[in-house]
Amino acid sequence: MHIEYPSSETQAWALQETLATQVICEDNFDSISTIAGTDVAYDDATNQLVGAIVVLDASTLDIIETQVVTESVRFPYIPGLFSFRELPPLLSAFEQLTHKPDMIVCDGQGLAHPRRFGLACHLGVTLDIPTIGCGKTRLTGTHEALVETRGASAKLIDNEQIIGEVLRTQDNIKPVYVSVGHKVSLSTARDWILKLTPKYRLPETTRQADQQVNRALKALQAQG
DNA sequence: GCGACAG
DNA sequence: ATCTTGTCGC
C-alpha cells in the first residue's frame with residue numbers, strides 16, 4: 001500500500017491539515033458485523049514497533065482473526081504527530097488481514113486533536129473505513145466533572161467546538177476519551193465504546209490488541 | 001516566556 | 001510507551 005509520508009515535522013503538520021478536510025463525522029456504513037482493535041508497542045533494544053490488529057465478531061466479541069507485525073521506527077513520537085509513528089505498522093497488519101473489519105477502534109484520539117486529525121482519523125481516511133478514537137488520557141480539550149457511575153459523560157470542548165466526549169466506562173474508574181475517527185457520529189462512537197466495555201475500562205478490541213502486542217514484544221525481547 | 005503534551 | 005513493589009479484590 002502506498003501512502004504519502006512526511007520527512008519532516010513541518011510536512012507532517014501540513015499533511016494533517018490537508019487530510020483533515022476528508023474526515024467524515026457522520027454515520028456512513030451499512031451494518032457492523034465485525035469490529036477491530038489496534039495497538040502498537042515499542043521495543044527499545046531494536047528500535048522497532050510491534051503493531052497488532054485483532055478482528056472481533058461485533059455481537060459475540062469472539063476473536064475472528066489476529067495479525068501482528070514488527071517494523072523499524074520511521075517517525076519519532078511527537079504529541080500531535082503521533083499517527084505518523086503508529087500508522088505504518090498498523091497499515092502493514094491491516095494488509096495481512098483476511099477478514100477486513102467493518103469498523104476499527106483505535107487506541108488514541110480521533111477529532112480530539114489540535115488540528116482535528118488524530119490517529120483514528122488518519123487510519124480511517126487512509127483505509128476508508130469507519131473508525132473510533134478511544135484514548136486513555138487527554139491530548140487537548142476541556143470538560144466538566146462527571147459523576148462516578150458507568151455511562152456518565154461530559155463533552156470535550158476545544159476552541160468552542162465539541163471535539164469528543166469523556167466517558168466513564170466503569171464505576172469509580174478513570175474515564176476514557178472518545179472521539180470521531182471517520183464515518184461515524186460521536187453518539188455512535190460513544191455507544192460502541194459502551195458496548196465494548198461491559199467489564200473493563202478499555203474496549204475489548206483494544207484489550208485484545210494490547211495482549212497480542214505484548215506477547216510479540218515479549219517474544220522479541222526473549223531472542224536478543 | 002512557560003507549561004502541556006494521544007502512545 | 002516504559003521503568004517498578006506491594007496491595008487489594010475476585
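Chain A is the first sequence line, chain B the second, and so forth, proteins listed ahead of strands; every chain is numbered from 1. Everything quoted here is computed from the prediction, not taken from an experiment.
Side-chain atoms of A:Arg168 never come within 3.5 Å of backbone atoms of A:Ser153 as a donor-acceptor pair (strictly under, hydrogens ignored). Panel note: side chain A:Gln170, backbone A:Tyr200; a donor-acceptor pair is recorded below 3.5 Å.
A:Asp107 places its CG atom 12 Å from the P atom of B:dA6, with the value rounded to the nearest Å. Atom NZ of A:Lys199 and atom P of C:dG9 are 15 Å apart (whole Å). Going from atom CH2 of A:Trp13 over to atom C1' of B:dC5 covers 17 Å, rounded to whole Å. Regarding A:Leu90, its CG atom lies at a distance of 14 Å from the P atom of C:dA1, rounded to whole Å. Rounding to whole angstrom units, CG of residue A:Asp210 and C1' of B:dA6 are separated by 15 Å. If you take CG of A:Asn214 and P of C:dA1, they are 9 Å apart, rounded to a whole angstrom. Remark: C1' of C:dA1 and CG of A:Leu220 are 15 Å apart, rounded to the nearest angstrom. Whole-Å rounding puts the A:Asn47 CG to B:dG7 P distance at 20 Å.
The environment of CD1 in A:Ile24 is crowded: more than 12 heavy-atom neighbours from other residues, nucleotides or ligands sit within 6.0 Å. In this structure, A:Glu17 places its CD atom where more than 12 heavy-atom neighbours from other residues, nucleotides or ligands lie under 6.0 Å away. In A:Lys100, the NZ atom is crowded: over 12 heavy atoms of neighbouring residues, nucleotides or ligands sit closer than 6.0 Å.
Here CD of A:Glu165 is found 5.0 Å from CG of A:Leu186. Values are rounded to the nearest 0.5 Å. Taken from SG in A:Cys134 to CG in A:Leu202, the straight-line distance is 6.5 Å, to the nearest 0.5 Å. Between the CD1 atom in A:Ile63 and the OG1 atom in A:Thr60 there is a gap of 10.0 Å [rounded to 0.5 Å].
Contact check of residues 128-153 of chain A against DNA chain B (heavy atom, cut-off under 4.0 Å) returns A:Gly135, A:Lys136, A:Thr137, A:Arg138, A:Leu139.
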Query raised in the report: Reading DNA chain C 5' to 3', how would its secondary structure be written in dot-bracket notation, given Watson-Crick and G-U pairs with both distances under 3.5 Å, brackets [ ] for crossing pairs and | for partners on other strands?
Result: ..........

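The side chain of A:His113 approaches B:dA6 more closely than any other nucleotide in the set B:dA6, C:dT2, B:dG7.
By the rule that hydrophobic residues join a cluster once side-chain heavy atoms approach within less than 4.5 Å of another member, A:Ile163 and A:Val176 end up as members of separate clusters.
Of the side-chain N and O atoms in A:Tyr42, none sit less than 4.0 angstrom from OP1 or OP2 of C:dT2.
A:Leu217 comes within contact range of the sugar-phosphate backbone alone, with a heavy-atom separation under 4.0 Å but no base atom that close.
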